[in-house]
Asker: 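The structure that follows is given in the form of structure tokens.
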Amino acid sequence: MAQAVRFYETGGPEVLKYEAVDLPPPSAGEVRIRHRAVGLNFIDTYHRSGLYPVPLPSGIGLEAAGVVEAVGDGVADLQPGDRVAYGTGPLGACATEANRPADTLVRIPEGVGDDVAAAIMLKGMTAGYLLTMTRPVVAGETILIHAAAGGTGLLMVQWAKHLGARVIGVVGNEDKAALARAHGCDETVLRGQQDLVARVRELTDGAGVPVVYDSVGRSTFEASLDCLAPRGMLVSFGNASGPAPAVEPGLLAAKGSLYLTRPTLVHYTRTREELEALAGGVLDLVAGGVLKVRVEQRFPLEAVADAHRALEAGRTLGATVLTP
């Protein structure tokens with residue numbers, strides 16, 4: 001019988017339950033996958049806490065890799081034995097097996113391992129749309145990336161360097177600074193230990209940066225705005241410290257005719273074509289060695305609550321994978 005992580009009320013990691021579930025045969029258009037690795041993401045904590053409300057009871061997790069075990073009616077392009085991965089909804093990746101809509105899956109290319117595939121889909125597609133679509137990086141410019149030593153942050157650093165940018169990364173401690181620099185970060189700033197705005201102005205000869213990619217939210221929002229050059233853009237795409245505050249439009253004018261956007265992956269993968277293009281681009285960069293994926297932590301799937309605690313406490317580096 002399949003095992004899955006579910007929660008019946010919102011709250012801390014303790015609400016997560018690892019339990020047996022009755023998994024029916026895949027319906028039309030679905031595929032059954034036996035998971036080999038499950039990715040952990042900050043958005044999982046938002047679903048669990050209720051910050052992003054979902055109908056309860058609910059499964060959890062959006063990112064996994066595994067092998068097709070069975071296909072439902074109407075599925076012609078996948079068959080048992082195919083290695084596949086995904087990084088979008090519906091929820092329920094934290095399970096030993098799951099039935100998934102076939103049109104949410106992509107094949108894993110040769111040379112990309114299961115752990116890497118599980119760690120790259122959601123985080124990699126997020127890095128991809130932010131850097132190439134939301135606010136495309138321009139070669140030669142200096143950009144600022146928060147949480148630069150995290151799972152998404154490390155991918156963004158490498159991708160931005162591939163695009164020709166100079167990267168300033170914000171990190172939590174010296175170990176994370178070293179990791180970010182090892183992946184291409186040109187400069188690092190220690191969050192809470194250095195004056196971020198002053199350091200960014202120093203590194204840019206007072207000009208500020210044209211774009212800030214901020215996954216932290218509430219605690220960094222104001223400083224991120226103050227790091228921007230006139231007509232710069234703040235891309236606020238996460239809430240690790242809590243939701244970003246409301247902003248009066250006049251504040252953006254006063255700080256330099258700034259732009260503010262709050263994107264999310266779902267709006268960049270609305271069609272199968274968009275999903276294939278974005279996921280395919282990520283997997284090609286991984287297979288080609290441009291993106292090196294660091295899976296620094298592994299937890300058994302049944303220890304998912306411990307993984308959430310480590311992630312929320314800032315005790316993780318790079319990507320974290322759960323093993324069914």
Side-chain angles (χ1 to χ4, degrees), residues 36-43 62-65 83-88 93 105-139 141 143-171 176-188 211 213 215 235 237-238 263 265 268-269 274-298 311 316-322:
R36 288 178 170 173
V38 176
L40 179 70
N41 295 280
F42 245 105
I43 195 172
L62 289 167
E63 184 178 50
R83 295 174 63 232
V84 294
Y86 60 91
T88 61
L105 306 174
V106 297
R107 283 189 175 84
I108 303 171
E110 291 296 325
V112 177
D114 296 323
D115 279 7
V116 169
I120 196 70
M121 291 301 295
L122 190 154
K123 290 178 278 292
M125 288 194 291
T126 297
Y129 86 74
L130 291 172
L131 296 172
T132 68
M133 288 184 267
T134 301
R135 199 293 187 172
V137 167
V138 177
E141 68 182 359
I143 68 173
L144 180 65
I145 298 174
H146 284 274
T152 301
L154 284 179
L155 296 175
M156 292 184 70
V157 168
Q158 295 173 80
W159 202 323
K161 292 301 296 180
H162 176 64
L163 294 172
R166 176 188 181 216
V167 179
I168 303 172
V170 185
V171 296
K176 293 184 177 184
L179 184 62
R181 288 193 296 268
H183 284 74
C185 225
D186 296 282
E187 305 284 351
T188 55
V211 59
Y213 298 96
S215 61
V235 181
F237 68 99
L265 177 61
Y268 290 82
T269 54
E274 289 178 336
L275 175 64
E276 286 182 337
L278 191 53
V282 171
L283 291 169
D284 285 347
L285 290 177
V286 174
V290 173
L291 296 181
K292 295 177 174 58
V293 183
R294 295 287 296 257
V295 179
E296 297 286 347
Q297 298 82 210
R298 291 176 175 82
L311 182 65
T316 62
L317 295 169
T320 300
V321 163
L322 306 168

Asker: Pairing donors with acceptors under 3.5 angstrom, does anything connect the side chains of Tyr129 and Thr269?
Answerer: no
Asker: Looking only at heavy atoms, which two atoms of Ala127 and Leu155 are closest? And how far apart?
Answerer: CB-CB, 4.2 Å
Asker: Quick check against the 3.5 Å criterion: does Glu187 have a side-chain atom that pairs as donor or acceptor with the backbone of Val167?
Answerer: no
Asker: What's the shortest heavy-atom distance between Ala180 and Val171, and which atoms?
Answerer: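 Between these two residues, the closest heavy atoms are CB-CG1, 4.1 Å.
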Asker: Supply the atom-to-atom distance Leu291 CG to Lys161 NZ, rounded to the nearest 0.5 angstrom.
Answerer: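 So the gap between those two atoms works out to 14.5 Å.
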Asker: Check step by step if side-chain contact (heavy atoms from CB on, under 4.5 Å) holds for Tyr213 and Val137.
Answerer: CA-CA 11 Å; Tyr213 298 96; Val137 167; 3.6 Å; yes
Asker: Measure the shortest side-chain to side-chain distance between Lys176 and Leu317 over non-hydrogen atoms and say whether it is less than 4.5 angstrom.
Answerer: yes
Asker: Shortest non-hydrogen contact from Ala37 to Ala118?
Answerer: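 Heavy atoms only, the tightest pair is O-CB, 3.4 Å.
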Asker: Indicate yes or no: at least one non-hydrogen side-chain atom of Leu285 is less than 4.5 angstrom from one of Gln158.
Answerer: no
Asker: With the side chain counted from C-beta on, respond yes when Thr132 and Trp159 share a heavy-atom pair under 4.5 Å apart, and no when they do not.
Answerer: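 Of all side-chain heavy-atom pairs linking Trp159 with Thr132, at least one is under 4.5 Å.
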Asker: Which distance, rounded to the nearest 0.5 Å, do you find between the CZ of Arg166 and the CG of Leu144?
Answerer: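 Rounded to the nearest 0.5 Å, the CZ-CG separation comes to 11.0 Å.
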Asker: Locate the shortest heavy-atom distance separating Leu311 from Phe42; write the atom from each residue and the value.
Answerer: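 Reported closest heavy-atom pair: O-CZ, 3.7 Å.
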Asker: Minimum heavy-atom separation for Leu265 and Gly87, please, with both atom names.
Answerer: CD2-O, 3.7 Å
Asker: Are the side chain of Lys123 and the backbone of Leu40 linked by a donor-acceptor contact shorter than 3.5 Å?
Answerer: yes
Asker: Would you name the heavy atoms of Gly184 and Val157 that are closest together and state the gap between them?
Answerer: C-CG1, 3.8 Å
Asker: Using atom types as modelled and distance alone, determine if a side-chain donor or acceptor of Glu63 lies under 3.5 Å from a backbone N or O of Leu122.
Answerer: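 Judged by distance alone, yes, a pair lies under 3.5 Å.
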Asker: Supply the atom-to-atom distance Arg294 CZ to Thr320 OG1, rounded to the nearest 0.5 angstrom.
Answerer: 12.5 Å
Asker: What's the separation between atom CZ in Phe237 and atom OG1 in Thr152, rounded to the nearest 0.5 Å?
Answerer: 6.0 Å
Asker: Does a side-chain heavy-atom distance below 4.5 Å link Met125 with Thr88?
Answerer: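 Sidechains of Thr88 and Met125: in contact.
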Asker: Any side-chain heavy-atom pair from Ile120 and Leu283 closer than 4.5 angstrom?
Answerer: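 They are in side-chain contact.
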Asker: Within this structure, what is the CG-CD distance for the pair Leu154 and Glu296, rounded to the nearest 0.5 Å?
Answerer: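 Result: 8.0 Å between the selected atoms.
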Asker: So do Arg36 and Arg83 actually touch side chain to side chain, heavy atoms under 4.5 Å?
Answerer: yes
Asker: Between Thr188 and Arg181, is a side-chain contact (heavy atoms from CB on, under 4.5 Å) present by the stated rule, with each step listed?
Answerer: CA-CA 7 Å; Thr188 55; Arg181 288 193 296 268; 2.9 Å; yes
